[in-house]
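Below, chains carry the letters A, B, ... as their sequence lines are ordered, and counting in each starts from 1. Computed from a predicted structure; not experimentally measured.
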Number of protein chains: 2
Amino acid sequence: MLEPHHPDLGQVSLAEVLRGLSDPARLHMVKTMYALGECECSLVYADLGLSKSNASHHFRVLRESGILRRTQRGNQQYATLRADELKARFPGLLEAVIANSGAGSGVRADPGPSGER
Amino acid sequence: MLEPHHPDLGQVSLAEVLRGLSDPARLHMVKTMYALGECECSLVYADLGLSKSNASHHFRVLRESGILRRTQRGNQQYATLRADELKARFPGLLEAVIANSGAGSGVRADPGPSGER
DNA sequence: TCAGTAGTTCAATGACCACTGAACTAGTGG
DNA sequence: CCACTAGTTCAGTGGTCATTGAACTACTGA
């Protein structure tokens with residue numbers, strides 16, 4: 001398998017990183033990786049109920065946003081947050097996201113009235 | 001004109017806020033508002049080259065993500081970052097975004113010769 | 001009343017996104 | 001060689017997004 005491309009973080013804009021983080025499933029994945037360090041992909045999305053192909057999609061988005069790095073060992077893919085690089089490029093951002101990704105931050109409590117338009 | 005709806009920040013998820021911030025134009029708007037405090041909408045998007053309707057769209061996204069508050073005085077709409085509320089709800093996040101929204105964060109930079117990695 | 005200003009709403013367009021299931025690739029171990 | 005496991009790629013679907021231009025609302029000042 002071809003080594004997937006990992007962008008130079010210097011080339012990644014803040015907006016792109018935020019876009020990568022702006023999905024509840026991906027936030028959950030990031031949080032898990034932050035807690036576990038390098039880990040098998042299956043571990044990251046096991047409790048998320050994502051299908052294989054959907055998980056693969058989200059991993060790709062995160063990789064292309066510069067948020068994680070993937071490596072292969074044997075039969076399995078491993079994923080690692082590019083935590084140090086992110087902290088160097090966007091100081092305080094990852095810390096804030098991790099600190100605020102707890103309960104109540106990824107899921108809304110109430111659908112909201114959506115009373116307009 | 002009907003008062004627009006401003007969501008309770010307690011109901012807004014981190015993913016939604018990140019989504020609101022994940023566009024270069026909106027990041028720019030947020031940065032401008034952070035620097036200027038309450039200000040006329042026209043000031044916020046004047047140097048962005050956004051059309052009126054497009055700017056109105058982005059203001060609505062930011063409002064619905066809980067990022068800003070809009071008020072009307074006379075003929076003009078004013079926009080204010082909900083900075084204190086955001087800092088209370090997602091500590092460190094707004095600070096990190098503002099601090100990293102400078103040059104090179106919203107727009108891809110030139111590759112740069114001192115290539116690393 | 002009338003023109004001008006400020007901004008919203010609407011319909012439409014093209015792009016992209018999340019998600020699915022099926023087909024595919026690649027490594028592991030019998 | 002064969003099945004098994006782990007994950008990717010592909011085509012397609014429905015939904016949302018950014019953007020535009022035109023029509024509309026609402027306030028202001030002459």
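Considering Arg73(B), Gln72(B), Arg69(B), Arg70(B) as possible partners of Tyr78(B), the one that fulfils the side-chain contact (heavy atoms from CB on, under 4.5 Å) test is Arg73(B).
The CE atom of Met29(B) sits 11 Å away from the P atom of dA18(D) (whole-angstrom rounding). Between the CD atom of Glu64(B) and the C1' atom of dT8(C) there is a distance of 13 Å, given to the nearest Å. Spacing between atom CD of Gln72(A) and atom P of dG27(C) amounts to 6 Å, rounded to whole angstrom units. Rounded to a whole Å, the CZ atom of Arg63(A) is 8 Å from the P atom of dT8(D). With rounding to whole Å, Leu27(A) atom CG is found 12 Å from dA18(C) atom P. What separates CD of Gln77(A) from C1' of dA26(C) is a distance of 10 Å, to the nearest Å. Rounded to an integer number of Å, the gap from Asp23(A) CG to dC16(C) P is 18 Å. Here dT28(C) presents its P atom at 10 Å from CD of Gln76(A), a figure rounded to the nearest Å.
Of the residues in residues 53-60 of chain A, those lying under 4.0 Å from DNA chain C by heavy-atom distance are Ser53(A), Asn54(A), His57(A), His58(A). Less than 4.0 Å separates DNA chain C from at least one heavy atom of each of the following residues of residues 34-46 of chain B: Cys41(B), Ser42(B), Tyr45(B).
Taking side-chain N and O atoms only, Arg19(A) has no distance below 4.0 Å to OP1 or OP2 of dC16(C). Contact check, Ser51(A) against dC19(C): no side-chain N or O comes under 4.0 Å of OP1 or OP2. Taking side-chain N and O atoms only, Arg70(A) has no distance below 4.0 Å to OP1 or OP2 of dG7(D).
Going from atom CG of Leu62(A) over to atom CZ of Arg82(A) covers 11.5 Å, rounded to the nearest 0.5 Å. Put simply, CG on Leu93(A) and CG on Leu18(A) are 6.0 Å apart, with the number rounded to the nearest 0.5 Å. With rounding to the nearest 0.5 angstrom, the OH atom of Tyr34(B) is 14.0 Å from the SG atom of Cys39(B). Interatomic distance, Leu68(A) CG to Thr80(A) OG1, rounded to the nearest 0.5 Å: 7.5 Å. Here the NE2-CG distance, from His58(B) to Asp23(B), works out to 5.0 Å after rounding to the nearest 0.5 Å.
Through direct or indirect side-chain contacts shorter than 4.5 Å among Ile, Leu, Val, Met, Phe, Trp and Tyr, Leu43(B) is connected to Leu36(B).
Classification of Arg89(B) and Glu85(B) as a salt-bridged pair fails, no side-chain N sitting under 4.0 Å from a carboxylate O.
Annotation: of the two residues near DNA chain C, Ala25(A) and Lys52(A), the 5′-most nearest-nucleotide partner is Ala25(A).
At the heavy-atom level, Arg73(A) lies nowhere under 4.0 Å from the strands shown.
For Asn75(A), the side-chain atoms get nearest to dA26(C) when compared with the rest of dT28(D), dA26(C), dA18(C).
A donor-acceptor pair under 3.5 Å is formed between the side chain of Ser22(A) and the backbone N or O of Arg19(A).
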